[in-house]
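Structure first, commentary second.
Every value quoted in this text rests on a predicted model; they were computed, and no experiment measured them. Letters go in sequence order (proteins before strands), and every chain restarts at 1.
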Amino acid sequence: MSNQTDKATLASMHADHGTTVGQPFCDNAKLSTRNVDVYYADNQAIHDVSLDIGRNEVIALIGPSGCGKSTYLRCLNRMNDTIDICKVTGQLLLDGQNIYAKNQDPVLLRARVGMVFQKPNPFPKSIYDNVAYGPRIHGLTSNKAELDDLVEESLIKAGLFKEVKDRLEAPGTGLSGGQQQRLCIARTIAVQPEVILMDEPASALDPIATAIIEELISELRKNYTIVIVTHSMQQAARVSQRTAYFHLGKLIEVGETNQIFTNPKHELTEKYITGRFG
Amino acid sequence: MINHNSITQKVERSLKKRYLKEKLFKAMGFASVSVAFLFLLILVSDITIKALPAFVQTQITLEIELNTEKLGINQNSTTVEIKQADFRASIRDALRKQFPDVKKRTQKKDLYSLVSIGAEYQLRDLVLENRAYLGTTKKLSFIADDDVDALVKGVIDRKVEESARRIKNFKLGLIEDLEKNGQIEKTFNWSFFSNGDSREPEIAGIKGAVMGSLYTLLVTLLMTFPVAVAAAIYLEEFAPKNRMVDFIEININNLAAVPSIVFGLLGLAVFINFFELPRSAPIVGGIVLSLMTLPTIIIASRSAIKAVPPSLREAALGLGASKMQTVFHHVFPAALPGILTGTIIGMAQALGETAPLLMIGMVAFIVDIPQSVADPATVLPIQVYLWADSPERGFLEKTSAAILVLICFLIAMNAIAIYLRKKFEKKW
């Protein structure tokens, strides 16, 4: 009973605060989105989200289940295109270029904006072939030696090389969950994207594997812009510089991670962070 | 307050019932599997027992004088000349020489009918291979007539009184004489696997039908597999979801339910009458059967493609693979084992199909072994049908043998498919 009233009050609260608080915008943004609406058939999943993502920053998207953070993430490399009933409106710019422009090729876009998924999904191929697949289809290297170097470099960057260097021909699916996820990260960075989207990359992993991934994210930040969706607030606090809080398809609050977790400005953010719902 | 004791009792009471149901279901399942297995065993053992005599052949050894003057040929004669020579006379001479007392015309007829009418061709082929035989006298073995064969195998009972026996006393005497001389022997029937069909059971072989089936299935496979897989991939991965595609989907499902003889009529009207493709030929049979198997393979392939986890597609798309690359690098290889299973089910169905092939003339009596897909041919199930329909006793065992060959053909096909599936099924 009390739960229901809670929900009702939350909904009314929500209606009162239509606009995002905090600093959703920044100068010289890598990705800049304005007034994004996403519909699944007649169901609106995202309402009027405007957010900038700065260069070489890690931004964490947090929020309760079904708040639209994954949907928003998948707009950034047009993975939503694979869902027929999904419709995206608004302005999404990557370095000032419209992501959803008619002349924007989704294949090219996805080479620039890589993605790591919630569940590790290596190809049923060898470790080497997993990492080499992206460079091969895009023709990034001109000979075998270059490709070998690229694979090695990517595996080193993903912190996996030491563990697998003697068995590059072993199947990627034979690795442990954490290793598989790092393999997927290696596979993504082998294409040398500008942005990496991570959809709850550690949710299927144990704490030790999670810690390794988190370290890796901090390391990758030097070269890439990273957008990470996470359910774990501790994780968001550990890895990100900025945090965006989504609620029921709306972007409620954006700010420096420290500020969001220590001094949230919005009531809903505070309630979520202090664990009163989620 | 909740009474935990009473709840435990209630659960206990219902447990008995639940376990009883489970036991009953298991027993029923086991019983049905047993019954199915029993019938399979009866069927296969019955066919095998009936077929075994067909793999044994009775041969009669005769001393043949290959007289160059009588035959009118010598070692330097051309193949055509040798082919035209009267080898029948040589065999008859040999028989008369062995039984000089046989004078009456009817008795001579009995004597000559000891060996198969195929014997003269056997002799001719031997001479063609070994021309040095000409002008010499050789002990050679010839296929016995089907009645002699039946008697030697014990199918015809010697103790039955003469009037009820197919082989009369006079002929029986001749055979027993030959047996005493050790001129009758039973050998493995290799010619069953190397001969085409014949009206004479003793020289009828399965090779024509085997080759016919092989060619027909080859055409079917080459026509169906690429088309069906392309259709399945297109419908599953590329086609827009609209009414037109729904309509096509419904029609593919309906096509799978069309009686097979209708496809035969279609083949007759379209391929033979309109396109004027050869009658009785594996090419037409293969096309007709491929129309029939197309929906089966499309449906199986679609479900195999559907079963590929979406995470694999997302992984490839996320890396910037195009739709086509995603499908052909990842989805298709992952679905291949399932597609192959569907294909083999379709091909097995095609192998056993008779009705549509009757309509396009593959039921004709064809002696020659087909050399290409355009030659007249018959297929294994139709050979079974043709032999089962023949009056001669000898065809009874041949029918069972043909069924056995059909089953072996099927097992071989399945084995290849399982091998291929295992090869592509990466267990990682």
Side-chain angles (χ1 to χ4, degrees), chain A residues 73-74 76-85 105-127 129-140 169-175 180 183-184 186-193 196-199 204, chain B residues 229 232-249 301-341 419-428:
Chain A
L73 186 76
R74 291 166 64 95
L76 301 177
N77 70 342
R78 287 180 62 173
M79 278 307 271
N80 284 337
D81 284 12
T82 55
I83 303 161
D84 286 333
I85 54 167
D105 192 320
V107 170
L108 180 66
L109 174 71
R110 288 178 200 140
R112 294 176 64 192
V113 183
M115 189 161 191
V116 176
F117 297 86
Q118 181 171 8
K119 238 181 81 190
N121 54 356
F123 298 126
K125 294 173 187 271
S126 70
I127 293 171
D129 285 339
N130 259 286
V131 182
Y133 182 71
R136 271 185 189 142
I137 56 170
H138 297 305
L140 298 185
E169 292 311 312
T173 40
L175 298 171
Q180 284 189 21
L183 177 61
C184 292
R187 184 175 68 184
T188 306
I189 55 186
V191 185
Q192 296 160 354
I196 302 177
L197 310 177
M198 295 187 172
D199 192 355
Chain B
V229 171
I233 289 177
Y234 175 74
L235 287 174
E236 209 51 59
E237 298 284 340
F238 294 99
K241 303 272 172 287
N242 58 26
R243 282 200 176 173
M244 190 63 201
V245 174
D246 285 347
F247 181 72
I248 290 172
E249 196 174 330
S301 300
R302 286 190 69 176
S303 57
I305 292 166
K306 220 178 258 175
V308 173
S311 67
L312 194 62
R313 292 187 183 86
E314 284 190 336
L317 288 174
L319 276 178
S322 67
K323 184 92 193 171
M324 188 84 174
Q325 285 170 327
T326 304
V327 170
F328 282 94
H329 294 169
H330 302 288
V331 177
F332 179 64
L336 197 56
I339 292 174
L340 285 176
T341 309
Y419 169 75
L420 286 175
R421 200 166 63 201
K422 284 272 174 283
K423 206 179 144 189
F424 291 116
E425 203 167 47
K426 289 179 185 162
K427 282 184 187 146
W428 51 14

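- Atom NZ of B:K323 has more than 12 neighbouring heavy atoms from other residues, nucleotides or ligands inside a 6.0 Å radius.
- Two residues are said to be in side-chain contact when any heavy atoms from C-beta on lie closer than 4.5 Å; A:P124 and B:L312 meet this criterion.
- Partners of A:R78 according to the salt bridge (charged side-chain N to carboxylate O under 4.0 Å, His left out) rule, which considers only residues two or more places apart in sequence or in another chain, are A:D81.
- Counting heavy-atom pairs closer than 4.5 Å to chain A, the top-ranked of the candidates B:S311, B:P309, B:G320, B:P333 is B:G320.
- Between B:H330 and A:F123, the ring planes are parallel. Angles under 30° get that label, and only those over 60° would be called perpendicular.
- Both the backbone and the side chain of A:R187 come within less than 4.5 Å of a heavy atom in chain B.
- Using a 4.5 Å cut-off on side-chain heavy atoms (C-beta onward), A:I137 and B:H329 make contact.
- Both the backbone and the side chain of B:A316 have a heavy atom closer than 4.5 Å to some heavy atom of chain A.
- A salt bridge links A:R74 with B:E314; the closest basic N to acidic carboxylate O contact falls under 4.0 Å.
- Counting all heavy atoms, side chain and backbone alike, A:R110 lies closest to B:L317 at CD-O, 2.9 Å.
- Nearest heavy atom pair, residue B:A321 against residue A:Y133, reads CB-OH, 3.9 Å.
- Between A:T188 and B:L319 the shortest heavy-atom distance is CA-CD2, 3.9 Å.
- Neither the backbone nor the side chain of A:R136 comes within less than 4.5 Å of any heavy atom of chain B.
- For chain B, the nearby part of A:V113 is the backbone; its heavy atoms alone come within less than 4.5 Å.
- In B:F238, the CZ atom is crowded: over 12 heavy atoms of neighbouring residues, nucleotides or ligands sit closer than 6.0 Å.
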